[in-house]
Each structure stands twice: as structure tokens, then as C-alpha cells.
Amino acid sequence: DLAVHYQLRFLDDYWDLAGLSDLDPNYMGMIDTVVASKGRAFAGTWFSTFSGYINRLRGYHGMSMKDSWYSFLPRKTALHEWRVVNRSAYAFEWQDGWVGVDADGWPERDKF
């Protein structure tokens with residue numbers, strides 16, 4: 001049971017505080033995306049554009065991809081090493097998409 005080891009939070013815990021009852025329900029996915037992108041760790045789904053976008057945001061935030069995993073066991077740690085974009089580029093986000101995009105430094109493949 002996760003609650004034994006962690007302090008779990010759910011969107012309902014902040015519903016009144018954030019005034020979410022007045023929010024257009026079509027924005028809920030965007031809120032999920034922002035919250036998930038700022039988490040200490042993230043586990044997503046291989047081939048999911050939703051998980052891919054969250055990982056891209058994590059990259060933009062400067063978070064290490066070594067704290068992102070996929071539920072598909074053969075690809076569980078796919079983001080933990082730098083790979084050159086290949087024919088399955090659509091399957092997940094690539095570090096080339098966010099490392100060094102602000103021209104504030106040259107991408108270092110050992111720091112992502």
C-alpha cells in the first residue's frame with residue numbers, strides 16, 4: 001500500500017483551494033500534464049503522446065530523464081541513455097528536443 005510509505009495527494013485534495021469547480025473540464029488534462037511534469041519522478045506509457053509531452057516538459061524544466069520510466073518493461077529505462085533519433089522517432093521524446101535549445105550551452109550527452 002503506497003499510503004503506508006508516502007504522503008499521497010490527489011486532485012480532489014486541492015479542488016476547493018484552487019477553485020476547480022469553476023474550471024472548464026476540458027482543461028483537466030492540461031492540469032494533469034503540468035502537475036506530472038513537475039513531479040520528482042514520472043512513469044508513463046510507451047507510444048503515448050501524452051506521456052511524451054510530459055517528458056518533454058520535464059526536459060524543458062531541466063529535470064533529469066533518469067527519473068522518468070515507461071510501464072512497458074522492455075522500454076522501462078529508454079530515457080536513461082542518450083540515443084540518436086532513428087526510425088521509431090514517434091515512440092517517445094528525444095533529448096535532442098530540449099537539451100541546449102536555449103543556446104545557453106552545448107548539449108552534453110552525459111547530462112540529461
Side-chain angles (χ1 to χ4, degrees):
D1 186 14
L2 289 174
V4 172
H5 303 286
Y6 301 98
Q7 185 175 13
L8 302 178
R9 299 283 186 213
F10 298 93
L11 187 59
D12 285 347
D13 297 332
Y14 303 98
W15 197 266
D16 293 329
L17 178 67
L20 296 177
S21 58
D22 298 328
L23 186 69
D24 182 331
N26 291 315
Y27 294 144
M28 291 301 173
M30 291 180 232
I31 291 172
D32 285 342
T33 303
V34 171
V35 171
S37 74
K38 294 296 249 176
R40 181 176 55 220
F42 175 71
T45 305
W46 184 256
F47 282 119
S48 165
T49 55
F50 188 68
S51 293
Y53 185 60
I54 291 168
N55 276 318
R56 186 181 334 150
L57 288 176
R58 291 174 63 77
Y60 290 156
H61 296 314
M63 302 175 91
S64 173
M65 287 299 105
K66 297 187 189 239
D67 292 322
S68 289
W69 294 271
Y70 287 112
S71 60
F72 181 52
L73 293 180
R75 299 283 190 253
K76 180 179 178 181
T77 59
L79 290 171
H80 294 192
E81 61 186 73
W82 191 299
R83 296 181 184 183
V84 176
V85 177
N86 64 20
R87 67 178 183 256
S88 62
Y90 57 88
F92 66 100
E93 293 297 314
W94 298 82
Q95 294 85 346
D96 301 86
W98 60 79
V99 176
V101 295
D102 294 325
D104 54 356
W106 192 255
E108 296 180 41
R109 293 182 177 204
D110 60 338
K111 296 178 184 174
F112 59 94

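One N or O on the side chain of His80 and one on the backbone of Ser68 form a donor-acceptor pair closer than 3.5 Å.
Remark: Asn55 CG to Phe42 CZ distance equals 5.5 Å, nearest 0.5 Å. Distance check, rounded to the nearest 0.5 Å: OG1 of Thr33 to CZ of Arg56 gives 11.0 Å. With rounding to the nearest 0.5 angstrom, the CG atom of Asp67 is 11.0 Å from the CG atom of Leu79. A distance of 7.5 Å separates OH in Tyr53 from OH in Tyr60, rounded to the nearest 0.5 Å. How far CH2 of Trp46 is from CZ of Arg75: 5.0 Å, rounded to the nearest 0.5 Å. For the atom pair Lys66 NZ and Glu81 CD, the distance stands at 8.5 Å (nearest 0.5 Å).
Between Met63 and Ser37, the shortest heavy-atom distance links the atoms SD-O, 3.2 Å. Nearest approach of Asp13 to Leu8, heavy atoms of both residues: OD2-O, 4.1 Å. In this structure, Ser51 and Gly44 approach most closely via the heavy-atom pair OG-CA, 3.4 Å. Contact record, Arg40 with Arg58: O-NH2, 3.6 Å, taken as the closest heavy-atom pair.
Hydrophobic clustering of Ile, Leu, Val, Met, Phe, Trp and Tyr side chains at less than 4.5 Å, counting indirect connections, keeps Leu11 apart from Phe50. By the rule that hydrophobic residues join a cluster once side-chain heavy atoms approach within less than 4.5 Å of another member, Val34 and Ile54 end up as members of separate clusters. Phe10 and Leu2 fall within a single hydrophobic cluster, where Ile, Leu, Val, Met, Phe, Trp and Tyr are joined by side-chain heavy atoms under 4.5 Å apart, directly or via other members.
By the 4.5 Å heavy-atom criterion applied to side chains, Thr45 and Tyr70 are not counted as neighbours.
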Side chains of residues 24-32: which donor-acceptor partners sit under 3.5 Å, not counting sequence neighbours?
{"unit_1": "Asp24", "atom_1": "OD1", "unit_2": "Asn26", "atom_2": "N", "d": "2.8"}
{"unit_1": "Asp24", "atom_1": "OD1", "unit_2": "Asn26", "atom_2": "ND2", "d": "3.1"}

